[in-house]
Amino acid sequence: MQNKITTLFKIEYPLIQAGMIWCSGWKLASAVSNAGGLGIIGSGSMYPAILEEHILKCKAATDKPFAVNLPMLYPDIDKHIELIIKHQVPIVFTSAGNPKTWTKHLKAHGITVVHVVSSVKFALKAEEAGVDAIVAEGFEAGGHNGRDETSTFCLIPMVAKAVQIPLIAAGGIGTGNGMLAAMILGADGVQIGSRFVTSIESSAHANFKNKIIDSKEGDTLLTLKELTPVRLLKNSFFDQVQEAYQKCATTEELNELLGRGRAKKGMFEGDLSEGELEIGQVAGLIDEIKSAGEIVTEIIAEFKEAKNLQISDNLNF
Ligand code: NDP
Ligand code: NDP
């Protein structure tokens, strides 16, 4: 497989593991990169010293390219950027912020920059800021999400039509068939998060992984749009948010209810009732915990099989 994305990142398959707070540390990122995809360390949950530890451990565990995801709302972002430059991380995925802020600086240090967007408007802004590629993430995605609720199925062809730079599709993709569908819609590669949360190498708590395996269609919902829109698995904390809405809670009251460290509590410490459990709609399709390498191999095999498939019954009209 060789296309714009494999060439840009110097990887084997156009399959990227999303940077996810509390789930994608060095173990997951290096395992995905070693399997031929692109692994990403999710730095939004890491104090600078922890990020440095994860970068060094990732470098020791793989000689393949890997990336760091920088959510731009992170408070100590300049320290993270210093570390990324110091340790010559080859690729950075920025998200949740303005791509103009850091792209030039990162590129001046020879770093490939990708920005995550949820709309055509932001895709054009990212292209203008000079990023090397875009991740367009649809409404199905877990965790932080766009406000416009554009689904991946609609977003990808519209962004593909609007921009010239390589395009990575995200949101609702967890299988090789999904990967093929996204690429037929115009993407040059895919970014997959939820499926890797349940990998052996993910640093998510076992309780969270098992909860995802047990989840089904309809178990996640996008909420807290007044703060930062986020897709969560329904649980007791989610119910408290719904109750607050029924009581017409103000933004301040919602902020107070959310408190601090909910994502860590749910995803890293395994508190399934009081924690925030960020996961995508595709969770309903995930039914096994496997190694990240097995997941990559399975997705690519399924992709190739689907691509080479003879016309199947449902297409035979
Ligand atoms: P790691 O390299 O995985 O962890 C090194 C440091 O990074 C630790 O300080 C750990 O946090 C932190 N860390 C790990 N993953 C993330 C992440 N995705 N986002 C933010 N911070 C992260 O080394 P080890 O596997 O040897 O684990 C170190 C310790 O972390 C052990 O005591 C282990 O039990 C614990 N751990 C706990 C998990 C849990 O679900 N509760 C999951 C993974 C590791 P911290 O300092 O808070 O442990
Ligand atoms: P909260 O304000 O609820 O909690 C902050 C959490 O981030 C704590 O658990 C804290 O760990 C950890 N943390 C790591 N580095 C720092 C730092 N320099 N200053 C303060 N806290 C730090 O935030 P959330 O849990 O909602 O999100 C945490 C961060 O993750 C956000 O700032 C954002 O950058 C990012 N984020 C990224 C997402 C993504 O990439 N998809 C999705 C959601 C959030 P500790 O408890 O050990 O102190």
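Read the numbers this way: they start at 1 and go in the same order the structure lists the ligands and their atoms.
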Would you check, one step at a time, whether the test salt bridge (charged side-chain N to carboxylate O under 4.0 Å, His left out) holds for Glu52 with Lys86? CA-CA 10 Å; Glu52 184 163 37; Lys86 176 177 162 197; 3.0 Å; yes
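- Within ligand 2, counting atoms from 1 as listed, the ones closer than 4.0 Å to a heavy atom of Asn69 are 40 (O).
- Val116 and Leu8 fall within the same hydrophobic cluster, where Ile, Leu, Val, Met, Phe, Trp and Tyr residues are linked whenever their side-chain heavy atoms come under 4.5 Å apart, directly or through other members.
- Hydrophobic cluster membership is shared by Leu272 and Ile286, with clusters built from Ile, Leu, Val, Met, Phe, Trp and Tyr side chains linked at under 4.5 angstrom.
- Checked against a 3.5 angstrom limit, the closest N/O atoms of Gly261 and ligand 2 fall inside it.
- Looking at Ser118 and Glu137, their side chains never bring a donor and an acceptor atom within 3.5 Å of each other.
- When only non-hydrogen protein atoms are considered, atom 34 (O) of ligand 2 lies nearest to Leu73 CD1, 3.2 Å.
- The protein does not reach atom 23 (O) of ligand 2 closely, with no heavy atom under 4.0 angstrom from it.
- Of the listed options Tyr74, Trp22, Phe93, Phe268, Tyr74 places a heavy atom closest to atom 15 (N) of ligand 2.
- Contact analysis leaves Gly143 out of contact with ligand 2, as no non-hydrogen atom separation drops below 4.0 angstrom.
- For atom 30 (O) of ligand 2, the choice among Gly44, Ser43, Ser24 with the nearest heavy atom turns out to be Gly44.
- With atom 6 (C) of ligand 2 as the reference point, the heavy atom nearest to it among Arg260, Lys264, Met267, Glu276 is part of Arg260.
- Looking at Thr297 and Glu294, their side chains never bring a donor and an acceptor atom within 3.5 Å of each other.
- Between Met72 and ligand 2 there is no heavy-atom distance shorter than 4.0 Å.
- Among all non-hydrogen protein atoms, the one lying nearest atom 41 (N) of ligand 2 is Gly19 O, 4.3 Å.
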Run the numbers on Lys211 and Asp214 for salt bridge (charged side-chain N to carboxylate O under 4.0 Å, His left out), then give the verdict. CA-CA 5 Å; Lys211 176 93 177 159; Asp214 291 342; over 6 Å; no
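- Of all atoms in ligand 2, listed by their number and element, those nearer than 4.0 Å to a heavy atom of His144 are 42 (C), 43 (C), 44 (C).
- No part of Thr228 comes within 4.0 Å of ligand 2, judged by heavy-atom distances.
- Not one N or O of Glu278 is nearer than 3.5 Å to an N or O of ligand 2, by distance alone.
- Between the side chains of His115 and Thr94, a donor-acceptor pair is found at a separation under 3.5 Å.
- Note on Met46: it clusters hydrophobically with Leu70, by side-chain heavy-atom contacts below 4.5 Å among ILVMFWY residues.
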Salt bridge (charged side-chain N to carboxylate O under 4.0 Å, His left out) for Asp148 and Lys121? Distances and angles first, verdict last. CA-CA 11 Å; Asp148 295 331; Lys121 185 177 136 195; over 6 Å; no
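- Scanning all protein heavy atoms for the shortest distance to atom 19 (N) of ligand 2 gives Pro75 CG, 3.5 Å.
- Residue-ligand proximity: Ser45 is placed with a non-hydrogen atom under 4.0 Å from ligand 2.
- The existence of a salt bridge linking Glu274 and Arg262 is confirmed by a sub-4.0 Å separation between a basic side-chain nitrogen and an acidic carboxylate oxygen.
- Taking atom 27 (O) of ligand 2 as the reference point, the nearest protein heavy-atom neighbour is Ile21 CD1, 4.2 Å.
- Between Phe268 and Trp22, the ring planes are tilted. Angles from 30° to 60° get that label.
- Close contacts between ligand 2 and Pro71 involve ligand atoms 34 (O), 37 (C), 40 (O) [criterion: under 4.0 Å to a heavy atom].
- Ranking the protein heavy atoms by distance from atom 11 (O) of ligand 2 puts Tyr47 CE1, 3.6 Å first.
- Ser215 places a side-chain N or O within 3.5 Å of a backbone atom of Ile212 that can act as its donor or acceptor partner.
- Listed by number with element, the atoms of ligand 2 under 4.0 Å from a non-hydrogen atom of Ala263 are 25 (O).
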